[in-house]
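Note that the structure is a prediction, hence the values are computed from the model and not measured.
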There are 2 protein chains.
Amino acid sequence: MTASTKPSHHHGNLRSALIEAGVQLLREGGLEALTLRKAAGVAGVSHAAPAHHFASLTNLRSAIAAAGFEIFDASMKCEIKKVSPSNPSEVVRAACRGYILFAIENPALFSLMFGGTELIREEPPLGASSGHAYETLTNICLPFSTDAKSLEKMRMLVWSLVHGFTSLMLAQQKNFPLVDDAIQQFEEMLPDFSKFQSME
Amino acid sequence: MTASTKPSHHHGNLRSALIEAGVQLLREGGLEALTLRKAAGVAGVSHAAPAHHFASLTNLRSAIAAAGFEIFDASMKCEIKKVSPSNPSEVVRAACRGYILFAIENPALFSLMFGGTELIREEPPLGASSGHAYETLTNICLPFSTDAKSLEKMRMLVWSLVHGFTSLMLAQQKNFPLVDDAIQQFEEMLPDFSKFQSME
DNA sequence: TTCAATAACTAGACATCGTCAAGTTTAGCC
DNA sequence: GGCTAAACTTGACGATGTCTAGTTATTGAA
């Protein structure tokens, strides 16, 4: 193990390098640019090297989606931190901003995560990572619910609204509206959740 | 032109046969089962025959998506016809039932239409077909709006809600809940639109 | 009716892709 | 130092999108 990075036969941490390469390929060339061979190329290994870490392309996709869910969760949490936690409606709006921002900044990754591509949910990281985002979405709904059933309804309402809006925005035009315009349009559409309790 | 369908060198209507074959492939094998060569095989022509009708796989996908939007629109209209037009809230619920039903019955087609696959919107049929569904969604929102701006907001709200719910339902588990369960869950989540006017 | 022009399709080829099988190199442990 | 197992390379295979060239059928005009 010399100090200089000699062309060692062993990569060292190929698994995470492939995930990172995959994220980059998605960003640069969209869904179809993510191939095992290209990811191997970016990571600087031979075309068959990924097989030792990912049994198939579906496995690599699943791992990348898992990484995406972590970034996704972080994006929501980042926006949530910017607002006062004492205003639950503002917290929901902030989380949705993080949701939309993530999708605009990582459209192909968002499509991979939610777009119908076959993924392996049993692969532990994917289940765990999407669970984190699920938790965040649940937490922001807690102030609006009195029991498990109303929590479930609120979470589904918020999640459906922001996810539907985001998906349709991405599907409709590839030249997105400016980020701020998208978020403004979403917030204008958003109903006043604080009045929902009395609507039953 | 004999009466019997002799194995003519000319297929006759290959373009629509390829679209139909594509829909079948999607239904049977999901997104990744749709290939130009398989569609050609199902239609009974050589692997390069599709090139005369579709310049690329993306073009075939776009045409199939366009066909999907027509089925999609028909599914909403079919459910709308079953309820009284004098009850606008019930009409919205019916359209959403059609939306969810279509997605459950054609998950891969739904993913192709909305899942981030690159499509050619300029290809006339796709724009026109998705326009029909857009019109239907607009029409059911008319009773809830007073001007163009409120119509836009209502359409975006309804569309985002039902689209988000449907997408998340498809993404979460491949073994769907029973259709009736999914629709019931959606309708329980759905806010009372008739009260929305006064919420501004 | 005949025939030429054009459209529809076939056959073959190429690069790229996922995946498998077999070797080769390295790391870690005794 | 040497052995074992993991990490990686090389080479191959079938499938895929797409291109080129050739073949067949339809059509429209003479």
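For A/S129 (side chain) and A/L126 (main-chain N/O), no donor-acceptor pair under 3.5 Å exists by modelled atom type. Proximity of a side-chain donor or acceptor of A/T166 to a complementary backbone N or O of A/I100 within less than 3.5 Å is not detected.
Residues A/N106 and A/R27 have side chains in contact (heavy-atom distance under 4.5 Å, counting atoms from C-beta outward). In this structure, B/F144 and B/S150 have side chains that are not in contact, with every pair of non-hydrogen atoms separated by 4.5 Å or more. Inter-residue side-chain proximity for A/S130 and A/F72 is flagged as unmet; no heavy-atom pair is nearer than 4.5 Å.
In this structure, B/R97 pairs ionically with B/E90, as a charged nitrogen and a carboxylate oxygen lie closer than 4.0 Å. Contact check on B/K149 versus B/E152 returns no salt bridge, with no Lys/Arg side-chain nitrogen under 4.0 Å from an Asp/Glu carboxylate oxygen.
Atom CD of B/E20 has 12 or fewer neighbouring heavy atoms from other residues, nucleotides or ligands inside a 6.0 Å radius.
Taking the six-membered ring for Trp, B/F69 and B/F102 have ring centres at least 6.0 Å apart.
A/L36 has its CG atom 5 Å from the P atom of C/dG18, to the nearest Å. Rounding to whole angstrom units, CG of residue A/L18 and P of D/dA7 are separated by 13 Å. Computed from coordinates, the B/H47 NE2 to C/dC9 C1' distance equals 11 Å when rounded to whole Å. Distance A/R37 CZ to D/dT10 C1': 11 Å, rounded to the nearest Å. In this entry the distance linking CG of B/N13 with P of D/dA25 reads 19 Å, nearest Å.
Atom CZ in A/F165 sits 9.5 Å away from atom CD in A/E187 (nearest 0.5 Å).
Side-chain contact check for B/S62 and B/N59: no donor-acceptor pair (N or O, by modelled atom type) lies under 3.5 Å.
Across residues 51-62 of chain B, B/S56, B/L57 each have a non-hydrogen atom less than 4.0 Å from an atom of DNA chain D (numbered order). Residues from residues 38-46 of chain A lying near DNA chain D, meaning a heavy-atom separation below 4.0 Å, are A/V45, A/S46 in numerical order. Near DNA chain D, defined here as any heavy-atom distance below 4.0 Å, there are no residues from residues 22-30 of chain A.
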